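Atoms within a ligand are numbered from 1 in the order they appear, just like the ligands themselves. Every value quoted in this text rests on a predicted model; they were computed, and no experiment measured them.
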Amino acid sequence: KTVSILGVAFSGGQAKGGVENGPQTLAEFGLHQQLRDLDWNVTVDARCQDLTHLQPESDPDIGKLKKPRYVSAVCEYLANVVEEHAKRGELVLTIGGDHSLAMGTLGGTTRAHPDLCVIWVDAHADINTPLTTDSGNLHGCPLAFLLGLEGTDLPEFSWLSPCLTPDRLVYIGLRDVDQGEKRILKQLGIKAFSMTEVDRYGIGQVVEMALDHVNPNRDRPIHLSYDVDGLDPSVAPATGTPVRGGLTFREGHYICERLHETGLLCAMDVMEVNPALAHGDIHQLTQTVAVGCSLVRSALGETLL
Ligand SMILES: N[C@@H](CCCCC(O)O)C(=O)O
Ligand SMILES: [Mn+2]
Ligand SMILES: [Mn+2]
Ligand SMILES: [Mn+2]
């Protein structure tokens, strides 16, 4: 079994510098060897490491959207690389980088696995459209583009055709959803297990219900898109948009352990690790990097016993 690791040093979907160093820090922490120790054949594809050459000379806002052409170019390139690895039957592990990259990862995996389902672990819904976004940060919008929602048919994103349907998406960990996003979730009937449901039912039940919703016969490939801010800031402090009241260390890992057990994982994204936001506290930095690596290990088969 082969896992291809794509480090994407990219921060264009949001405004805080440092998230582009996510891939480097997880690699330096020893992630690649850790996966080899779990009997994975690890290939590291460096083609996405530094895509700054894709940044256009000028990239004026489109409406409120910031750096739209840069984000689009990076995601288009990433989608092609992800598609290549996914079509070889490899598990594609993308280390970000901000969550706008999911337009690239899911853009690529859906070409290889058109019947896949998505488990999105995040404090945020990341489903703002160009019309609903307030920040203009594209890391808050990837799912709107992947679902082809109103206003996302921009010529600058013409390479990305809608590749996801609402019934194939389920959230775990939501607790900071914008008004416009709440309307979209309701209108589209998208299943979301917020932190309220996690507390009400417990993470074990939540993951079963999530799988029952998007993968009732347990026969669809699963793309796990993990924003580390889904975890509580006490667990993963070095991230750009922390929100209190998140998943515990164990809840965060249980999701990965359970998804490994399905044997259906085809891709995992680990997004929004920002080493620069450790507030100069080396413990906060290593804590966040360490949890990123351990989430991956759990999703790739590491067990407690
Ligand atoms: N919903 C906010 C925050 C998005 C956070 C993106 C990522 O960290 O999940 C926005 O649209 O700017
Ligand atoms: Mn988030
Ligand atoms: Mn709890
Ligand atoms: Mn996110």
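Atom numbering of ligand 1 starts at 1 in the shown order; those under 4.0 Å from a heavy atom of S135 are 10 (C), 11 (O), 12 (O). Counting atoms of ligand 1 from 1 in the listed order, those under 4.0 Å from a heavy atom of D122 are 9 (O). Atoms of ligand 1 lying under 4.0 Å from any heavy atom of G140, numbered from 1 in the order shown and given with element: 4 (C), 11 (O). Within ligand 1, counting atoms from 1 as listed, the ones closer than 4.0 Å to a heavy atom of E272 are 7 (C), 8 (O). Taking a cut-off of under 4.0 Å to the non-hydrogen atoms of N128, the atoms of ligand 1 that pass are 1 (N), 11 (O). Listed by number with element, the atoms of ligand 1 under 4.0 angstrom from any heavy atom of D227 are 7 (C), 8 (O), 9 (O).
Without hydrogens or angle criteria, R69 side chain to P56 main chain gives no donor-acceptor distance under 3.5 Å. Side chain of Q14 to main chain of S11: a donor-acceptor pair is present (N/O by atom type, distance under 3.5 Å, no hydrogens or angles). D232 places no side-chain N or O within donor-acceptor distance of the main-chain N or O of L247, the cut-off being under 3.5 Å. At distances below 3.5 Å, at least one donor-acceptor pair connects side-chain atoms of D227 with backbone N or O atoms of D229. One N or O on the side chain of T288 and one on the backbone of A238 form a donor-acceptor pair closer than 3.5 Å.
The ring-ring contact (aromatic ring centres under 6.0 Å, His included) test applied to Y201 returns no partner, not counting sequence neighbours.
Residue-and-atom listing of protein N/O/S atoms under 2.8 Å from the Mn ion (ligand 4), sorted by chain and number: H99 ND1, D122 OD2, D126 OD2, D227 OD2.
Using a 4.0 Å cut-off between charged side-chain N and carboxylate O, E257 and R297 make no salt bridge. In this structure, R183 does not pair ionically with D178, as no charged nitrogen and carboxylate oxygen lie closer than 4.0 Å.
Taking atom 9 (O) of ligand 1 as the reference point, the nearest protein heavy-atom neighbour is D126 OD1, 2.6 Å. For atom 3 (C) of ligand 1, the nearest non-hydrogen atom of the protein is H124 CD2, 3.9 Å. Looking only at heavy atoms of the protein, atom 1 (N) of ligand 1 is closest to D178 OD2, 2.9 Å.
Using a 4.0 Å cut-off between heavy atoms, D229 contacts ligand 1 through its side chain alone, with no backbone atom that close.
Between W120 and H99, a ring centre-to-centre spacing shorter than 6.0 Å is recorded.
The number of heavy atoms from other shown groups lying within 6.0 Å of CD (E208) is above 12.
Counted by atom type alone, N128 and T132 present one or more donor-acceptor pairs between their side chains at under 3.5 Å.
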